[in-house]
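Here the structure is laid out as structure tokens; the discussion comes afterwards.
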Amino acid sequence: MALAYNFLLFCSFLLLLNISATAKTSSRPKALVLPVTKDASTSQYLTQIHQRTPLVPVKLTLDLGGRFLWVDCENGYRSSSYKPARCNSAQCNLAGVTLCTTECYSSPKPGCYNNTCGLFPANTVKGLSTSGDLGQDVVSIQSTDGYTPGRVVSAPNVIFTCGATFLLEGLANGVKGMAGLGRSKISLPSQLSAAFSFPRKFAICLSGSKGVVFFGDGPYVLLPGIDASKLLSYTPLILNPVSTAPASFKGDPSTDYFIGVKGIKINGKNVPLNTSLLAIDKEGNGGTKISTVTPYTVMETSIYNAVIRAFAKALSGVPKVAAVAPFGLCFDSSKIGSTRLGPGVPQIDLLLPNGNSWAIFGANSMVYAKGGALCLGIVDGGVNPTTSIVIGGHQLEDNLIQIDLAASRLGFSSTLLFRRTNCGNFNFTSSINGNNVPLNTSLLSIDKEGYGGTKISTVTKYTTMETSIYKAVIKAFAKELSGVPRVASVASLELCFDSNKIGRTRVGPAVPQFDLVLESGNSWGIFGANSMVQVNNDVLCLGILDGGANPRTSIVIGGHQW
């Protein structure tokens, strides 16, 4: 009797977020994950949640220091699961709200109920604010084990504030509100950690194109298998006792994340600064905070001038060119070399307590501008700004930043480019020939009935895939090999080509490479010898079969593939 071995392999393709078809399970996730994209026209960092009943996608601008989630309720907010937060309710108490709307002069709807407490939703990009009702609704987000996305989970009672349509002014196209990640009890990180009982930690990893937000503790794994949570240095968070929001109640503390910058070095030399500006005074002025809604680092004028002078001196051998707004110091980019950490310019160090420093290299300090200019990405913030230094989004890119709310500390990796990875390298998608294949994430997890997932089999001749996965892979593979003539299918092998038009390599037919990305962050490369089947002298077929719409196992890796 033949003995067959079937091994369960907890394996997935790099996954694309797919919320609508995901099954719910009772087990709690260890962490959650949101994809982030950078909007080219506004330099805002955008994400998307699913909210309401029925669920709808809601695009949001990330606000690292925002107190709460707010969305536009005036234009098309419909949900059977929306609940207003009644005056003096537990929800209002959690939010620390005493403002109460006793009567709304309109028919009842989200954002307009009698006896409802309210807050001040704010567009922190433009500095706009208004009053808005507090409410609750369902929010669905994808879970993760830190390596790849998992099933979608729902929190039924996420508190948020209804904003007005005019607050969307200046936000990226299609955005319906802002995702507040700030230091408050009703920010998204605080609520999600409470809803799913995971640690009160979250991490952001931004880049010039795409990135990721993790809710919960690490690992935070980026291709090719780098756990960025292992690269963190830590510095204490400082509480600013005075709100820095566009509108707030008297006595509210700031929900922005402040750190204790003690000084600045450029090329290893101290920059002379008025250090009193680096401390927060009793009115809440001064100090250093981190912001995702400020595109570039902004400094109080005297700090800015000192940094500009020191940087120009350290780069005195490179010709300057006319400044390009909003920057004040620009150079001829053709005279500056490139490194894997960006332009070859002097290193900037932000000096922190306990001898730590946050190193900023060329990829984060410099900005390519028009006319061949390369500019120092720091902006003059004026003589009396509320905050002396605001570390902006460009300086955060390709750095993992973790906020540990329970321990009141900030973890920072410095640039991930040292490790030959970046913040765009979380496994949201699968790839053929390096190009992404959108898949339904939920099919790659094993549900409580034992359905789904991926296994290896010696009794299955060719790899078999659930129909939607199969179709996505077939479509992507055909696109990558579009220059080769197709021929008629052979039996159950659907995608076949004229083998006379395909070259040979030492790893088999010269066809696009498959990559199966595993939980460890490693990938299993499948080349032509394993992906293709030579049916006869003239026909070469992709050795993958359609497994039907509801198979027991979503992917069975057959003998031919290994």
Side-chain angles (χ1 to χ4, degrees), residues 43 235 238 256-281 285-292 294-333 335-336 339 341-353 355-369 373-399 401 410 412 414-415:
S43 295
T235 192
I238 297 172
D256 281 303
Y257 295 104
F258 283 78
I259 58 174
V261 172
K262 302 298 183 183
I264 298 173
K265 284 186 176 182
I266 293 177
N267 230 20
K269 297 180 179 180
N270 284 308
V271 178
L273 303 175
N274 178 355
T275 55
S276 66
L277 296 170
L278 300 178
I280 300 170
D281 66 22
N285 297 319
T288 301
K289 72 177 185 180
I290 297 173
S291 172
T292 57
T294 304
Y296 305 102
T297 290
V298 178
M299 295 181 172
E300 181 274 340
T301 293
S302 70
I303 299 174
Y304 170 82
N305 286 336
V307 167
I308 288 290
R309 282 196 299 270
F311 197 88
K313 183 178 180 180
L315 208 58
S316 59
V318 177
K320 292 183 186 178
V321 298
V324 179
F327 310 114
L329 180 63
C330 298
F331 301 89
D332 181 348
S333 64
K335 305 300 182 181
I336 296 177
T339 74
L341 305 181
V345 297
Q347 176 179 329
I348 300 174
D349 289 291
L350 304 181
L351 306 182
L352 301 169
N356 285 337
S357 64
W358 182 337
I360 301 174
F361 300 93
N364 293 107
S365 63
M366 306 304 289
V367 179
Y368 286 97
L374 184 63
C375 303
L376 182 62
I378 297 175
V379 178
D380 187 347
V383 176
N384 292 300
T386 301
T387 304
S388 297
I389 301 176
V390 180
I391 301 174
H394 182 73
Q395 279 68 44
L396 300 177
E397 290 179 2
D398 295 318
N399 287 249
I401 307 297
L410 178 143
F412 60 96
S414 288
T415 182

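This one's a predicted model, so the numbers in the text were calculated from it and none came from an experiment.
- Side-chain N or O atoms of Thr297 include one that pairs as donor or acceptor with a backbone N or O of Gly392 at under 3.5 Å.
- The two atoms that bring Gly377 and Gln395 nearest to each other are O-NE2, 3.1 Å, heavy atoms only.
- Identified under the side chain to side chain donor-acceptor pair (under 3.5 Å) test for residues 265-275, with sequence neighbours left out: Asn274-Ser276.
- Residues Glu397 and Asn399 bring no donor and acceptor atom of their side chains to less than 3.5 Å of each other.
- Side-chain atoms of His394 come within 3.5 Å of backbone atoms of Met366 as a donor-acceptor pair (strictly under, hydrogens ignored).
- Inter-residue side-chain proximity for Phe258 and Thr288 is flagged as unmet; no heavy-atom pair is nearer than 4.5 Å.
- The two residues Leu374 and Ser333 make their nearest non-hydrogen contact at CB-CB, 3.8 Å.
- Within the 4.5 Å cutoff, the side chain of Leu329 has no heavy atoms near those of the Cys375 side chain.
- When side chains are defined from C-beta on, Ile280 does not count as touching Asn285, because their heavy atoms never get closer than 4.5 Å.
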Side chains of residues 313-327: which donor-acceptor partners sit under 3.5 Å, not counting sequence neighbours?
| residue | atom | partner | partner atom | Å |
| --- | --- | --- | --- | --- |
| Ser316 | OG | Lys313 | O | 3.2 |

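- Residues Ile264 and Leu351 have side chains not in contact (no heavy-atom distance under 4.5 Å, counting atoms from C-beta outward).
- Asp398 is linked by a salt bridge (charged side-chain N to carboxylate O under 4.0 Å, His left out) to nothing, counting only residues two or more places apart in sequence or in another chain.
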Please report, to 0.1 Å, the donor-acceptor pairs under 3.5 Å made by any side chain of residues 299-312, with sequence neighbours excluded.
| residue | atom | partner | partner atom | Å |
| --- | --- | --- | --- | --- |
| Glu300 | OE1 | Ser302 | N | 3.0 |
| Glu300 | OE1 | Ser302 | OG | 2.5 |
| Glu300 | OE1 | Ile303 | N | 3.1 |
| Glu300 | OE2 | Ser302 | N | 3.3 |
| Glu300 | OE2 | Ser302 | OG | 3.4 |
| Thr301 | OG1 | Asp380 | OD1 | 2.7 |
| Thr301 | OG1 | Gly382 | N | 3.4 |
| Thr301 | OG1 | Gly382 | O | 3.1 |
| Tyr304 | OH | Gly328 | N | 3.4 |
| Asn305 | ND2 | Thr301 | O | 3.4 |

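- In this view, Phe361 and Phe418 satisfy the ring-ring contact (aromatic ring centres under 6.0 Å, His included) rule, not counting sequence neighbours.
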Ser365 vs Leu376, side chain to side chain contact (heavy atoms under 4.5 Å, CB included): CA-CA, chis, key distance, verdict: CA-CA 6 Å; Ser365 63; Leu376 182 62; 4.2 Å; yes
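- The side-chain heavy atoms of Tyr296 and Ile378, taken from C-beta on, include no pair separated by under 4.5 Å.
- For the pair Ser388 (side chain) and Leu277 (backbone), a donor-acceptor distance under 3.5 Å is present.
- Residues Ile259 and Ile238 have side chains not in contact (no heavy-atom distance under 4.5 Å, counting atoms from C-beta outward).
- With rounding to the nearest 0.5 angstrom, the CD1 atom of Ile348 is 9.5 Å from the CG atom of Asn364.
- Evaluation of the side chain to side chain contact (heavy atoms under 4.5 Å, CB included) rule for Lys262 yields Pro353 as partners, not counting sequence neighbours.
- A donor-acceptor pair is defined here as one N or O able to donate and one able to accept, closer than 3.5 Å; no such pair exists between the side chain of Thr387 and the backbone of Val390.
- Here the shortest heavy-atom pairing between Pro343 and Tyr368 reads CG-OH, 3.7 Å.
- Taking every heavy atom of both residues into account, Gly362 and Val345 meet most closely at CA-CG2, 3.7 Å.
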Stepwise side chain to side chain contact (heavy atoms under 4.5 Å, CB included) check, Val298 with Ile391: CA-CA 7 Å; Val298 178; Ile391 301 174; over 6 Å; no
